[in-house]
2 protein chains.
Amino acid sequence: MAERRQRESTGFLIKQRAFLKLYIITNIENGRWYGLQLLDELKKEFKPFGFEPQHSEIYRALHELEDDEQILTKMKVKQDGAKRKEIVVYKIKDSEKAKAYKKLVKADLERCEQLLRKAIRDNFP
Amino acid sequence: MAERRQRESTGFLIKQRAFLKLYIITNIENGRWYGLQLLDELKKEFKPFGFEPQHSEIYRALHELEDDEQILTKMKVKQDGAKRKEIVVYKIKDSEKAKAYKKLVKADLERCEQLLRKAIRDNFP
DNA sequence: CCATGAACAGACTGTTCATTC
DNA sequence: GAATGAACAGTCTGTTCATGG
């Protein structure tokens with residue numbers, strides 16, 4: 001089971017999903033995080049670049065990193081303080097797979113960067 | 001009439017359509033071109049970057065540059081030689097609008113490039 | 001086969017709704 | 001309101017089909 005999408009159709013630019021997954025892994029490598037917390041952080045990061053990710057994309061990315069890529073595991077924990085709300089906290093489950101995934105995305109990011117630079121060169125001499 | 005799409009939803013990366021439109025304008029600024037000819041040229045250009053545009057995207061881009069952006073006009077011409085096949089050749093109709101469009105896309109390309117560079121910086125120290 | 005175009009279908013993502021604290 | 005999740009809807013794009021030389 002668990003065979004899912006495989007990208008590389010005609011290969012234009014990287015998809016938002018993969019881009020967010022990369023950031024999520026890196027953040028979780030440095031500590032525990034849960035969904036809305038990641039959303040706030042990433043919104044803050046990308047706001048200056050006119051990009052504002054949505055909460056559903058973050059959750060989809062987290063679910064795929066757990067179910068498809070098998071890179072993360074989740075834990076439900078009671079929030080600190082008086083509140084008895086459960087939140088879903090993620091941590092790295094397989095750091096080798098995490099490393100491999102990041103390597104893949106890095107290559108794609110560099111490819112995309114070159115494509116954009118080429119477009120600027122070719123069209124604005 | 002003729003009110004159509006306006007991008008900037010949450011603003012991740014530039015869309016393939018806009019990217020191709022830019023190249024199409026630049027190519028047509030330097031002479032007459034028709035659809036499949038542009039397709040061949042652009043496939044050749046982007047092949048080394050793992051990107052291979054499809055013919056329907058080229059046609060959609062051309063149609064929008066004519067109908068929506070009002071930057072191009074088309075002419076049907078008989079192909080040279082013995083063949084009596086008509087092909088659809090485009091030329092610039094409004095070079096001011098072309099210039100303005102390219103300026104817009106340039107800004108977006110630069111924004112995207114910065115976003116990618118940031119991702120490389122942030123995740124691969 | 002070349003050339004243009006439209007129709008159809010699927011993938012990706014944004015908006016909304018549902019549920020629980 | 002915070003948090004998670006799923007359902008729904010729309011857009012973008014790839015594949016296929018249709019037409020004509």
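Below, chain A is the first sequence line, B the second, and so on; all start at residue 1. If you're wondering where the values come from, they're calculated on a predicted model, not measured in any experiment.
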Completion exercise
Residues in residues 39-54 of chain A with a heavy atom under 4.0 Å of DNA chain D, by number, are none
Practice task
Please determine, for the side chain of B:Leu36, which listed nucleotide (C:dT4, C:dG5, C:dT13) has the closest atom?
Solution key: C:dT4
Practice task
May I ask you to say what B:Phe12 touches in the nucleic acid, namely base, sugar-phosphate or nothing, with a heavy-atom cut-off under 4.0 Å?
Solution key: nothing
Problem - A:Tyr59 side-chain N/O to D:dT4 phosphate OP1/OP2 under 4.0 Å - result: yes
Practice task
Kindly point out which of C:dT4, D:dA7, D:dG14 is positioned nearest to the side chain of A:Arg60?
Solution key: D:dA7
Completion exercise
ring pair (Phe, Tyr, Trp, His ring centres under 6.0 Å) filter on A:Phe51, not counting sequence neighbours, yields A:Phe46, B:Phe12
Please list, pair by pair, any protein nitrogen or oxygen found under 3.5 Å from a nitrogen or oxygen in nucleotides 16-18 of chain C.
none

Exercise for the section: Output the distance between atom OG (A:Ser95) and atom CD1 (A:Ile25), rounded to the nearest 0.5 Å. Expected result: 11.0 Å
Fill in the blank from the handout: Residues at least two apart in sequence or cross-chain that pass side-chain contact (heavy atoms from CB on, under 4.5 Å) with A:Glu45, listed by chain then number, are A:Glu41, B:Lys118, B:Asp122
Fill in the blank from the handout: Ranking D:dG5, D:dT4, C:dT13 by distance to the side chain of A:Lys15, first place goes to C:dT13
Practice task
Output all residues satisfying side chain to side chain donor-acceptor pair (under 3.5 Å) with B:Gln114, sequence neighbours left out; order by chain, then residue number.
Solution key: none
Exercise for the section: To the nearest Å, give me how far apart CD (A:Glu57) and P (C:dG14) are. Expected result: 6 Å
Completion exercise
Residues passing the salt bridge (charged side-chain N to carboxylate O under 4.0 Å, His left out) test with B:Lys43, sequence neighbours excluded, are B:Glu52
Problem - side-chain contact (heavy atoms from CB on, under 4.5 Å) involving A:Lys103 - partner list, sequence neighbours excluded - result: none
Handout entry: Partner set under side chain to side chain donor-acceptor pair (under 3.5 Å) for B:Gln54, not counting sequence neighbours
Key = none
Problem - End-to-end axis angle, where each axis spans five pairs of the helix from C:dC1-D:dG21 to C:dC21-D:dG1, to 10° - result: 30°
Practice task
Decide yes or no for A:Lys102 and A:Thr26: does some side-chain heavy atom of the first lie under 4.5 Å from some side-chain heavy atom of the second?
Solution key: yes
Practice task
Kindly say if B:Gln37 contacts the phosphate of C:dA3, meaning a side-chain N or O under 4.0 Å from OP1 or OP2.
Solution key: no
Practice task
Kindly write out the residues that satisfy side-chain contact (heavy atoms from CB on, under 4.5 Å) with A:Asp40, not counting sequence neighbours, or none if the list is empty.
Solution key: none
Completion exercise
Across all chains, not counting sequence neighbours, the side-chain contact (heavy atoms from CB on, under 4.5 Å) partners of B:Leu104 are none
Check residues 86-94 of chain B and write down every donor-acceptor pair under 3.5 Å in which the side-chain atom is one partner and the other belongs to a residue at least two apart or another chain.
unit_1	atom_1	unit_2	atom_2	d
B:Lys93	NZ	B:Gln70	OE1	2.9
B:Asp94	OD1	B:Glu96	N	3.1
B:Asp94	OD1	B:Lys97	N	3.0

Exercise for the section: Considering just the side-chain nitrogens and oxygens of B:Tyr34, establish if one lies under 4.0 Å of OP1 or OP2 belonging to C:dA3. Expected result: yes
